[in-house]
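Every chain is numbered from 1, with letters handed out A, B, ... down the list of sequences. Computed from heavy atoms alone, side chains included, the values below leave out hydrogens, waters and symmetry copies.
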2 protein chains.
Amino acid sequence: MVSIKEVAKHAGVAISTVSKVLNGYPNVSEETKKKVQDAIKELNYIPNSIAAALSSKQFGRIALVLDPNRQTQAIDQIFMQYLVGALDKAKELNVEVVTIFPSMIAGMTAEEITRSFLSQSISGVVIYGMSKEDKVLQKLIREKQFACVVVDAPIVNARTTYISIDQEQAQYDVAKKTVLDDNCKRVLYIAGRRDGYVTEQRLKGMRRLVKDLDLTMMVRQGDFSELTARNVALKYAKNKDVVVCASDLMAIGAMNALIDMDIFRPVCGFDGITLMGYVGKQMNTIRQDFYSISSRAVEEVHQLMNGGEGHQVVMPHSIVKMYYKDIIC
Amino acid sequence: MVSIKEVAKHAGVAISTVSKVLNGYPNVSEETKKKVQDAIKELNYIPNSIAAALSSKQFGRIALVLDPNRQTQAIDQIFMQYLVGALDKAKELNVEVVTIFPSMIAGMTAEEITRSFLSQSISGVVIYGMSKEDKVLQKLIREKQFACVVVDAPIVNARTTYISIDQEQAQYDVAKKTVLDDNCKRVLYIAGRRDGYVTEQRLKGMRRLVKDLDLTMMVRQGDFSELTARNVALKYAKNKDVVVCASDLMAIGAMNALIDMDIFRPVCGFDGITLMGYVGKQMNTIRQDFYSISSRAVEEVHQLMNGGEGHQVVMPHSIVKMYYKDIIC
DNA sequence: CTGTTAGCGCGTTCAA
DNA sequence: TTGAACGCGCTAACAG
């Protein structure tokens, strides 16, 4: 393994000089800089990120904390996009990321997680879809030990940036389109879990829509679960005109319930996952670009780690109609 | 950040003694061991994995290399299971893993990847679903610089372990069951990509079945693509009795083609992904436990890194019938 | 059994 | 502008 020492020898300079060239310090003459760069090329030298991390504390790593509460396949697609988006950006920024799954921090206190992260040279954290009930992560955020970016949880402080689409407006938009298409009046709204931040934001969008269009609405918790949504639909959809769901998975559950009941009602979802296209009916949904969101999240946490200030980032969304034929082609 | 030095001071022993306790060396008296452990607890000390990695070369990290060639959602489920299985086992073994996506090594030569890995303290690699055409990764394996475990690619050498289910037998089993259920004679087999190792193994299973049961078989490439499988089915399924597919995704494509053609043929797939349950017909398929496979892969690579010898590992599989009702409940 | 010492590869003073 | 020297936190000989 070729180290900085050999590069220095090869270029006829000191180790520290090579280090300065590597890290773009200004006080190096063009001449020696070139010598060093040539040596680096010739030896195919790649700096040892481990050693660099150990030596300088500013070179922190980023932890990707994926939400503990999701299990179904539909969500796998979302997580993969989150992951790939984050990893691509991390490569671009030349920072290391550590993927943290629920099992790895289960049962730990905020202090234990803090120490665990510190011991891994982690100084920035991206948290995806944290729930309101997650007191541990919230404490972690509050203590500002790490630069944090929370996706879909509206928390901002000096070291915490919040990134999300406009949940309220998105829910408003997709429901409005669905309602107007069939001139519906009586809405069954299947909401997410009570402990999710997005749940109330989306519900707020629905409330506004109900007021604006003079609709009636029944709200039931669907817990982001396909089965629960199915049961809710079986029970309440019959004397409603439309079923609006706070997630694609619930929309699929509801739609399958309607098919079983042999009645038709327009249904709309939220997310834009591919699975949505496999249910045999076309449905409106919100498309979120999870890749871009995650990529941006890493960018933001990187800024925070370099002295930036926490703030809010609103990402764009769009309404799409999902149908199998459109996916397969 | 509390370091080993403070622990040593607190326990009234030397740094190296603490290190020995940490790494479970035998030559430490019970008494001092206890003192050290108490100090560790009291100070809430967590060892710095970065420093440990830098110091000892044997403490290498493991790279998870995910196959460059897959894009669809169905595969996300598989990859997530691979990932979670690997990360869980890594935590258990107390080794660090680095997730490598295609974009991160695209266009690099084997040498460049080698250097890149070395610079990241990577000494073990798990490769998922490598294709026959991937000369770069194959070279990486051949050079034996890293301990390698390849999932689904039959390559074994001193530093390379091959792990997979018995592809041939699995394909034989699931097709046999499907064929016998409806007493079929004429088989349309939609195979995978030509450059996939599993493709020929599964085809071999089919050839054996055809011989054993005295069937006729038409083989077409489906490229593991839903759309291609759909087109193949549209073209050839009519005067066949059964459609056997080398993946669930292709089975879904074929099934949807049959529905569009308004004819019924039994169809079977391979993988056991949840999406399979959403197509509206029940289908036989092979269930692979991707979590266990990946978990075992990390275990194997860890053994290789500690001086083990490459060998072959065959994981179990089972036949299941996938249907929506079974998934949702 | 325990402590001392020398690095791992690199960033970063501080003299020169 | 450059380089020698120190230290990051830890492991691994070695000496005691």
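Nearest heavy-atom pair, A/A158 versus A/L304, reported as atom, atom and distance to 0.1 Å: O-CD2, 4.1 Å. Scanning both residues, A/L22 and A/I4, for their nearest heavy atoms gives CD1-CD1, 4.2 Å.
With rounding to the nearest 0.5 Å, the separation of NZ in A/K89 from OG in A/S292 is 9.5 Å.
Nucleic acid contact for A/I15: none, since no nucleic acid atom lies under 4.0 Å from a heavy atom of the residue. Residue-level contact check: A/V28 touches the backbone only, with heavy atoms under 4.0 Å from sugar-phosphate atoms and none from bases.
No hydrogens or angles considered: a donor-acceptor pair under 3.5 Å links the side chains of A/H311 and A/E300. In the model, B/D76 has no side-chain atom that pairs as donor or acceptor with a side-chain atom of A/Q81 under 3.5 Å.
Here the nucleotide nearest the side chain of B/V13, chosen from C/dG9, D/dG3, C/dG3, is C/dG3. Listed candidates were C/dT2, C/dG9, D/dT11. Nearest to the side chain of B/A52 is D/dT11. When distances are taken from the side chain of B/K5 to each of C/dG9, D/dG9, D/dC8, the shortest belongs to D/dC8. Closest to the side chain of B/K20, from the set C/dC1, D/dC10, D/dA13, is D/dA13.
Residue B/T17 places at least one side-chain N or O closer than 4.0 Å to OP1 or OP2 of C/dG3. Phosphate proximity of C/dT2 to B/Y25: absent, as no side-chain N or O sits under 4.0 Å from OP1 or OP2. OP1 or OP2 of C/dG11 sits under 4.0 Å from a side-chain N or O of A/S19. Of the side-chain N and O atoms in B/N23, one or more sit less than 4.0 angstrom from OP1 or OP2 of D/dT11.
With rounding to whole Å, A/E6 atom CD is found 13 Å from C/dC8 atom C1'. The interatomic distance linking B/I4 (CD1) with D/dC8 (C1') rounds to 13 Å, in whole Å. The CG-C1' distance, from A/N48 to C/dG9, rounds to 6 Å in whole Å. Rounded to an integer number of Å, the gap from CG of A/L118 to C1' of D/dG9 is 14 Å. Regarding B/L22, its CG atom lies at a distance of 12 Å from the P atom of D/dA12, rounded to whole Å. Rounded to whole Å, the distance from CG on A/N27 to P on C/dT13 is 11 Å. Summarising the geometry, the separation between CG on B/L54 and P on D/dA12 is reported as 12 Å, rounded to the nearest angstrom.
Here ring-ring contact (aromatic ring centres under 6.0 Å, His included) pairs that include residues 89-116 of chain A, with residues two or more places apart or in two chains, number zero.
DNA chain D lies under 4.0 Å from at least one heavy atom of each of the following residues of residues 29-43 of chain A: A/S29, A/T32.
A donor and an acceptor atom never sit less than 3.5 Å apart when one is taken from the side chain of A/S16 and the other from the base of C/dG11.
The aromatic rings of A/Y82 and A/Y128 are tilted relative to each other, their planes meeting at an angle between 30° and 60°.
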